[in-house]
Protein chains: 2
Amino acid sequence: MADQPAHTGLIWRERPGRGRPTAERPTSPAADRADAVYADLRRAIIEQSLMPGDKLPEDTIGESFGVSRTLVRGALTRLVADGLVEQWKNRGSFVASPSLVEAQQVFDVRRQPEGLVVERLAGALAREHANRLHGHVAAEKRFHGKEGPEAIRLAGEFHVLLAELTGNTLLARYVSEVVSRSSLILALYSRPHPSECGASEHAEIIEALIAGNAARARYLMDHHLGAVQERALLPKPGAAGRSLKDVLVRYAEPREPLPMASPTQRRA
Amino acid sequence: MADQPAHTGLIWRERPGRGRPTAERPTSPAADRADAVYADLRRAIIEQSLMPGDKLPEDTIGESFGVSRTLVRGALTRLVADGLVEQWKNRGSFVASPSLVEAQQVFDVRRQPEGLVVERLAGALAREHANRLHGHVAAEKRFHGKEGPEAIRLAGEFHVLLAELTGNTLLARYVSEVVSRSSLILALYSRPHPSECGASEHAEIIEALIAGNAARARYLMDHHLGAVQERALLPKPGAAGRSLKDVLVRYAEPREPLPMASPTQRRA
DNA sequence: TCGTAACGGATTGTGTCCAATACTGTCACC
DNA sequence: GGTGACAGTATTGGACACAATCCGTTACGA
């Protein structure tokens with residue numbers, strides 16, 4: 001995520017042409033700090049360093065990053081637009097806690113843009129693109145069996161990468177957003193599962209795309225998303241070690257943050 | 001658009017339960033002013049009172065609405081997320097001017113969520129919902145022949161209304177966003193066309209939904225969107241009264257705002 | 001013991017200030 | 001006549017300070 005997708009990464013559009021006037025200014029590049037706050041916060045959420053429901057106080061975050069509340073607020077506003085953060089009037093910002101219903105809706109919606117992606121890409125994959133995809137899957141497989149945050153992030157980034165290859169900026173943006181939201185949902189609802197078998201499913205999709213079999217690619221993608229959804233939303237009913245809170249959280253519809261329980265802060 | 005769609009209208013989520021503590025406070029309700037700025041700006045853009053490329057100076061807008069730049073900045077940030085406004089570092093904000101390529105992409109993407117909408121709604125339309133839809137179409141027909149901004153707005157709101165009826169918040173949000181972007185594109189590229197025949201197409205879709213014919217509804221929606229796209233992006237090549245600028249604007253890829261030409265301000 | 005009301009602390013909401021940057025117009029020079 | 005550099009001006013970027021709101025606690029009364 002070094003250079004992240006254009007849609008979500010940058011507030012300010014670079015001016016086209018006339019190459020940057022002052023190349024590489026040594027001091028902190030002003031507006032980029034705002035982007036840094038946004039990117040770091042976003043990544044912390046997706047990697048589950050910040051869990052759903054965690055409080056995000058403006059001043060605390062500002063101190064951590066060495067910026068004022070103004071910039072933090074801007075970053076939070078953008079994260080709200082991404083659906084990763086919720087804001088409550090006079091109470092502050094929290095990492096979003098999508099309800100079970102909202103989670104279902106996310107997966108419901110997600111199949112549409114992702115279906116379009118594979119349709120566009122089937123048979124239209126440049127050699128170099130295919131290589132990048134294979135490389136990504138290889139990276140995923142290195143995490144096979146583990147279930148750390150990197151694994152979740154990598155799995156999501158595969159879908160984003162796929163979408164970006166279509167060249168359709170808006171499409172890439174939508175996919176990126178639903179993927180982010182899915183990561184959040186996984187953090188909230190999914191039980192630890194032994195092995196993330198997503199990587200091999202990803203590989204299958206790539207094969208179908210290279211073969212130019214649009215129908216099969218769409219079928220595979222649909223199945224893959226269905227599998228992810230199932231893993232996320234249908235944990236074993238009688239699983240041990242399930243706390244009351246874990247159960248109840250699924251039924252709290254408009255996810256009001258718990259007033260007291262919120263830890264003062266969490267750092268990535 | 002009195003009470004606009006939840007997703008885009010409110011920064012702050014209302015606290016659930018415990019009915020509002022201080023009912024109807026007389027003074028301006030603080031955060032609502034920020035929402036007002038956002039909503040009015042958004043509407044001004046969609047109704048084409050503000051045209052693509054128009055400059056949006058923070059202080060001028062602030063004066064117009066009687067708020068400080070802080071609130072304006074927040075509203076602009078949200079409009080950026082909606083794709084209605086572009087920001088350029090140290091140059092300010094402008095009404096977005098999607099390129100022809102981006103416009104194509106918007107319509108390309110748009111069919112997906114809208115297809116899902118009619119699929120979900122086919123045969124699942126409550127009587128009251130059907131009535132609301134019919135009422136809306138009736139309102140549209142009142143503008144038959146005219147081509148004012150209200151007509152464009154109403155046509156767009158039909159799609160948003162449809163999406164909201166699915167009950168899927170995220171889906172409604174996506175549709176709302178692509179509809180907004182489409183309005184912008186219509187403002188940029190479409191030639192005045194004699195009669196907006198969209199209303200009757202909308203009526204046909206409603207009939208198919210009531211009949212529970214999902215396939216036909218999806219077909220109709222697809223065709224409808226195709227028709228809109230064609231009207232928007234394929235004007236008569238030899239149309240008279242076409243200025244050089246009108247032509248060139250279609251080929252400027254990364255839409256940098258013209259440094260000089262921007263009118264100092266436009267008021268809605 | 002429970003319910004209600006008031007107080008204090010903490011956090012956010014908003015406005016305003018100063019600095020940095022880019023654009024525009026003018027002038028000198030080639 | 002055209003190109004380049006320079007200074008003035010306007011606008012934005014960011015930070016800070018004050019005010020408003022809300023939460024949690026405590027004290028009081030039934």
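Proteins come first, then strands; the chains are lettered A, B, ... in the order of their sequence lines, and each starts at number 1.
Side-chain N/O atoms of Arg69(A) and base N/O atoms of dG14(D) include no donor-acceptor pair closer than 3.5 Å.
Proximity of Ser68(B) to the phosphate of dG15(C): a side-chain N or O atom is located under 4.0 Å from OP1 or OP2. Residue Arg91(B) places at least one side-chain N or O under 4.0 Å from the OP1 or OP2 atom of dC23(C). Side-chain nitrogen and oxygen atoms of Lys55(A) include at least one within less than 4.0 Å of the OP1 or OP2 phosphate oxygen of dT12(C).
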For this session: Walk me through it: do Ile61(A) and Leu56(A) pass the test side chain to side chain contact (heavy atoms under 4.5 Å, CB included)?
Result: CA-CA 7 Å; Ile61(A) 297 173; Leu56(A) 302 172; 3.7 Å; yes

Exercise. Which is it for His159(A) and Glu114(A) under the side chain to side chain donor-acceptor pair (under 3.5 Å) test, yes or no, and what are the steps along the way?
Worked result: CA-CA 8 Å; His159(A) 292 260; Glu114(A) 301 239 34; 2.9 Å; yes

Exercise. Can you list the steps and then say if Leu84(A) with Leu41(A) is a side chain to side chain contact (heavy atoms under 4.5 Å, CB included)?
Worked result: CA-CA 10 Å; Leu84(A) 294 180; Leu41(A) 233 35; over 6 Å; no

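Protein atom CD of Glu58(A) is 14 Å distant from nucleotide atom P of dC16(D), rounded to whole Å. Here dG13(C) presents its P atom at 18 Å from OH of Tyr38(B), a figure rounded to the nearest Å. The distance between atom CG of Asp59(B) and atom P of dA10(D), rounded to the nearest whole Å, is 12 Å. The nearest whole Å value for the distance from the CG atom in Asn90(B) to the P atom in dT11(D) is 14 Å. Rounded to whole Å, the distance from CD on Gln87(B) to P on dT12(D) is 10 Å. In this structure, the CD atom of Glu63(A) is 14 Å from the C1' atom of dC16(D), given to the nearest Å. We find that CZ of Arg73(B) is positioned 9 Å from P of dT12(D), with the value rounded to whole Å. Taking atom CZ of residue Arg33(A) and atom P of nucleotide dG13(D), one finds them 13 Å apart after rounding to whole Å.
Contact annotation: the side chain of Arg78(A) approaches that of Asp35(A) to within less than 4.5 Å [non-hydrogen atoms, C-beta and beyond].
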